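A quick write-up on the structure given underneath.
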Amino acid sequence: MLKRKRDLGLLSMLQGIEDYLDENIAPAAVNKNDITHMLHKYDDVETPFGKIVSSFEFCPTPTDEPEAISYLNPFALLWWLSQISFNFYTFLSKALPAHIGRTVFYTDEVFPANSERRPDKGRAFYAFYWSIIELPDWFRSRTEFPYFVFAFVPSKLIANQFSLTRLFKKIIHVFFAQDGFNLATTGVRIEHKHHHFVLRLKYGATIMDEEAFRSLMSVKGHSGFKPCLSCQNVVGRVGSYEEFYDDYLVHVLSPESHRFIKHTAGTFKVMCNSISTAVLEGWYKKDVEELEKIYGVNYVEDGVLFDDHCLNVMRFPEDANWDPMHVLFSNGGVGQFHCNGFIKKLVDNGLELTELDSWTSKIHIPNYQFIKPHWIIDRFVDNDDAHIKAFASDCIAMIECISLFVQAVLYGTDFYTSLLPYMKCFGYLKCICDIIRTKSTGHGAISTLRHMVKQHHELFIQLYPQLCKPKLHYLTHIPDNIEKFKTVLTCFSGEALHKLPKSIMRTAYKNSTNTTLAASLQAMRAAVLDRRTFTEVYLEGAIREITEQATRTAVLTHISAQVLGRTQIFASRKIRTTRGTFANKQCLVFATDNGLVFGKSKMFLEIKPWSKLLASSSSTFFAWIELYRKVPGRSLWEIDCPQTLLPVSRLLRSLPFVQHDHSHVLIGLPEYMHGHC
């Protein structure tokens with residue numbers, strides 16, 4: 001721990017960054033110059049690809065003076081991280097055995113403290129992150145190091161709605177330069193001592209919310225006649241869905257997904273070229289604007305979509321990934337509207353809101369502590385066309401809780417039967433959320449998801465016409481994206497990565513973005529030097545080895561382990577996962593060789609076989625458990641451990657359980673998930 005002077009500004013800054021500084025470089029007493037030196041120690045490290053912290057000039061508008069934007073050179077960063085960490089080198093080599101992969105870019109506007117309410121946006125900034133699609137999904141789910149940081153740009157530099165697309169063009173040219181280092185062609189040399197290989201990364205995907213898509217790609221989005229940038233013939237703002245019909249055009253709320261004509265990189269490029277030609281030929285402004293309206297694209301001469309090199313690199317919109325988090329759980333997503341509409345339907349038909357709220361207050365979800373009395377009452381809006389007032393995590397928990405209430409209380413009653421279509425529709429939403437949140441990419445899971453999305457769409461538009469928004473259409477693209485990218489890309493981990501820059505921005509007044517960039521570099525360095533960063537699940541805290549033979553025999557018998565030779569067994573009361581640290585008395589689900597084990601954990605174990613035959617296999621983690629078979633008087637809660645192919649990382653999700661007389665009862669995985677994951 002650093003010894004601090006009594007300076008409030010200095011104290012606040014240290015609290016934000018000291019966890020990312022090495023203990024061996026911390027002096028006995030510090031001042032601001034010491035902090036600056038420590039923080040920026042690695043900024044100017046020379047690599048074969050230049051300095052790690054580089055800069056380029058950016059003009060927010062064609063008439064503005066150029067501004068210097070600092071960024072972490074992706075080539076220098078990858079080379080340097082592999083130089084200082086053999087674990088990072090090995091991790092990349094195993095994750096990309098062919099040494100070829102795809103990049104994914106994530107962008108979001110971040111508001112530290114109360115800067116969102118300030119007219120000058122205060123220290124609000126745009127965060128630009130990137131990663132590699134082929135990296136394991138559990139790695140991109142980590143809160144410490146899910147993405148590589150590229151840059152932080154003050155929001156005040158984004159002068160108008162077209163400034164971001166100009167900036168993104170510059171960013172694309174950094175990664176994929178026409179003359180110079182290009183990730184897709186020249187690649188980047190990854191080496192550690194005498195080990196080395198050349199890693200090549202093509203442009204893979206762009207993931208962000210719909211508002212960021214509109215700004216970065218200069219498309220009109222749902223505010224225009226063409227709300228979907230992925231479809232050629234989907235239109236909006238043309239009247240109600242019931243009254244619209246055309247042989248070619250399809251209403252944005254239509255569930256007839258078989259009629260959607262998808263854009264390709266070629267068809268989208270033709271549109272952009274048509275607009276460019278119209279401008280160069282001197283068309284009247286109103287005629288150009290009409291063409292933009294028809295195509296759903298805004299003309300920005302020096303933007304991404306009107307740069308041939310960028311279009312060839314990106315192959316837009318084939319690389320567009322509709323984010324499940326924003327489409328379903330946040331910013332007025334489908335799930336938020338559906339939860340509010342479903343609760344209102346229950347209340348309008350005689351269910352007391354206080355009864356629902358009281359029942360859900362008994363539900364406990366691992367790693368989620370916000371379910372308290374009035375939890376639903378405070379988030380519900382008594383309006384026919386409103387959505388719940390909630391964050392994405394609240395929406396996820398509410399879907400789980402309401403679904404559990406329907407299964408445990410309403411199922412089989414006359415009330416349930418009288419509202420059967422509404423019950424079915426909410427069940428489809430629950431299925432969609434489960435498949436997406438467990439990040440299932442198998443053929444069966446994708447087929448099931450596509451079917452559930454269609455069934456939900458058709459019912460939802462009949463039951464809640466006043467709640468239908470363009471995000472209902474974007475939801476239809478998510479199964480295709482999962483199939484195309486072979487993974488479920490969401491903004492959850494990107495949003496979690498904002499924690500560090502926000503903490504720095506609250507106290508960094510001068511050159512705040514450069515300070516935050518340096519702190520992020522320190523954080524990435526600390527992460528790659530920790531070997532546990534590249535371990536999916538590991539024991540944490542006080543760890544002891546079990547040597548007593550009777551206990552060892554009981555453990556191996558419990559998991560029916562066929563282990564040859566000697567075996568080490570380590571025990572702990574804490575376990576670290578990609579979803580955080582789970583401590584004793586948490587309710588967990590763990591995978592063993594025989595399937596799943598449900599229950600309340602007493603101890604966490606790690607099995608390390610000594611046999612050469614099994615030495616290359618990963619350790620087996622499981623929970624030492626007490627099984628609860630049913631709630632007294634309710635056979636509904638009887639649990640049989642299902643057999644499934646889900647790995648452990650996909651099971652550590654918010655599985656709800658009910659507390660009765662200080663005992664915990666689990667609800668197993670939904671039946672439709674078995675064998676599809």
Side-chain angles (χ1 to χ4, degrees), residues 61-62 105 107 160-169 172 203 205-239 241 244-254 256-257 259-322 327 469-474 476-477 480-481:
T61 66
F105 289 85
T107 303
N160 57 43
Q161 61 175 325
F162 301 134
S163 297
L164 269 179
T165 188
R166 297 186 178 97
L167 177 58
F168 198 53
K169 173 186 171 182
I172 297 301
Y203 193 105
T206 310
I207 177 172
M208 58 198 74
D209 58 25
E210 201 263 351
E211 182 179 353
F213 262 128
R214 282 188 289 161
S215 300
L216 259 71
M217 303 302 171
S218 65
V219 295
K220 294 187 179 296
H222 67 257
S223 62
F225 177 69
K226 294 290 291 298
C228 180
L229 53 87
S230 298
C231 296
Q232 298 185 44
N233 63 333
V234 172
V235 295
R237 300 191 178 275
V238 289
Y241 161 69
F244 180 82
Y245 179 78
D246 188 271
D247 291 335
Y248 173 73
L249 300 177
V250 183
H251 197 281
V252 68
L253 300 181
S254 173
E256 300 175 298
S257 55
R259 294 186 59 199
F260 302 157
I261 300 177
K262 302 294 179 60
H263 263 305
T264 65
T267 58
F268 206 89
K269 190 173 183 178
V270 168
M271 291 197 316
C272 296
N273 289 339
S274 297
I275 298 176
S276 299
T277 301
V279 173
L280 293 175
E281 291 179 353
W283 284 26
Y284 289 116
K285 183 179 179 180
K286 65 177 183 179
D287 294 332
V288 174
E289 291 176 348
E290 184 66 24
L291 192 61
E292 290 178 337
K293 179 181 177 182
I294 293 173
Y295 288 153
V297 177
N298 294 308
Y299 177 73
V300 183
E301 182 180 1
D302 51 349
V304 168
L305 296 183
F306 298 91
D307 183 276
D308 287 339
H309 177 67
C310 288
L311 275 184
N312 291 334
V313 166
M314 297 172 60
R315 296 193 60 78
F316 188 80
E318 294 177 15
D319 61 354
N321 181 85
W322 294 102
V327 171
K469 308 295 179 183
K471 286 188 178 181
L472 195 62
H473 170 81
Y474 304 152
T476 64
H477 290 302
D480 297 331
N481 290 340

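Note that the numbering runs from 1 along the sequence shown for the chain. Computed from a prediction, not measured in an experiment: that's the story for all the values here.
Here the shortest heavy-atom pairing between F105 and M208 reads O-CE, 4.5 Å. When every heavy atom of F162 is checked against every heavy atom of S218, the shortest pair comes out as CD2-CB, 4.5 Å. Scanning both residues, T264 and P317, for their nearest heavy atoms gives O-CD, 3.8 Å. Shown here for P227 and G236, the closest heavy-atom pair between the two residues is CD-N, 3.4 Å. Residue L249 comes nearest to R259 through the heavy atom pair O-NH2, 3.4 Å, listed as atom of the first residue, atom of the second, then distance.
Remark: E292 pairs with no residue by the salt bridge (charged side-chain N to carboxylate O under 4.0 Å, His left out) rule, at least two apart or across chains. The side-chain hydrogen bond (donor to acceptor under 3.5 Å, both in side chains) test applied to T107 returns no partner, not counting sequence neighbours. For E211, the side chain to side chain contact (heavy atoms under 4.5 Å, CB included) partners at least two apart in sequence or on another chain are D209, R214. Partners of S254 by side-chain hydrogen bond (donor to acceptor under 3.5 Å, both in side chains), not counting sequence neighbours, listed by chain and number: E256. Residues satisfying the side-chain hydrogen bond (donor to acceptor under 3.5 Å, both in side chains) test with D246, not counting sequence neighbours, are none. Contacts of K471 classified as salt bridge (charged side-chain N to carboxylate O under 4.0 Å, His left out), with partners at least two apart in sequence or in another chain: none. S215 pairs by the side-chain hydrogen bond (donor to acceptor under 3.5 Å, both in side chains) definition with nothing, not counting sequence neighbours.
Atoms CZ and OG1, from F316 and T206 in turn, are 7.0 Å apart once rounded to the nearest 0.5 Å. Rounding to the nearest 0.5 Å places CG of L216 at 11.0 Å from OG of S163. Atom CD1 in I207 sits 9.0 Å away from atom CG in N481 (nearest 0.5 Å). The CE atom of M217 lies 7.0 Å from the OG1 atom of T165; values are rounded to the nearest 0.5 Å. The CG atom of L305 sits 10.0 Å away from the CZ atom of F168 when rounded to the nearest 0.5 Å. To the nearest 0.5 Å, atom CG of residue L280 and atom CD1 of residue I275 are 12.0 Å apart.
The ring-ring contact (aromatic ring centres under 6.0 Å, His included) analysis of residues 206-230, with sequence neighbours excluded, yields the pairs F213-W322. For residues 261-279, every residue pair satisfying the salt bridge (charged side-chain N to carboxylate O under 4.0 Å, His left out) rule, not counting sequence neighbours, is listed here: K262-D480. Within the structure, the side-chain hydrogen bond (donor to acceptor under 3.5 Å, both in side chains) test picks out the following pairs touching residues 276-290 (sequence neighbours left out): E281-W283.
When atom types are taken as modelled, the side chain of Q232 and the backbone of I261 share no donor-acceptor pair closer than 3.5 angstrom.
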I'd like a table of donor-acceptor pairs (distance under 3.5 Å, sequence neighbours excluded) in which one partner is a side-chain atom from residues 293-303, with atom names and distances.
{"from": "N298", "atom 1": "OD1", "to": "K220", "atom 2": "NZ", "distance (Å)": "2.6"}
{"from": "D302", "atom 1": "OD1", "to": "R166", "atom 2": "NE", "distance (Å)": "2.8"}
{"from": "D302", "atom 1": "OD2", "to": "R166", "atom 2": "NE", "distance (Å)": "3.1"}

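Side-chain contact check for K226 versus V235: some heavy-atom pair is nearer than 4.5 Å. At least one side-chain heavy atom of H251 sits less than 4.5 Å from a side-chain heavy atom of V238.
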### Message
For H477 and C231: C-alpha separation, side-chain torsions, deciding distance, then whether side chain to side chain contact (heavy atoms under 4.5 Å, CB included) applies.
### Response
CA-CA 10 Å; H477 290 302; C231 296; 3.3 Å; yes
### Task
Give the C-alpha distance, both sets of side-chain angles, the deciding distance and a yes or no for side chain to side chain contact (heavy atoms under 4.5 Å, CB included) between F306 and V304.
CA-CA 6 Å; F306 298 91; V304 168; over 6 Å; no
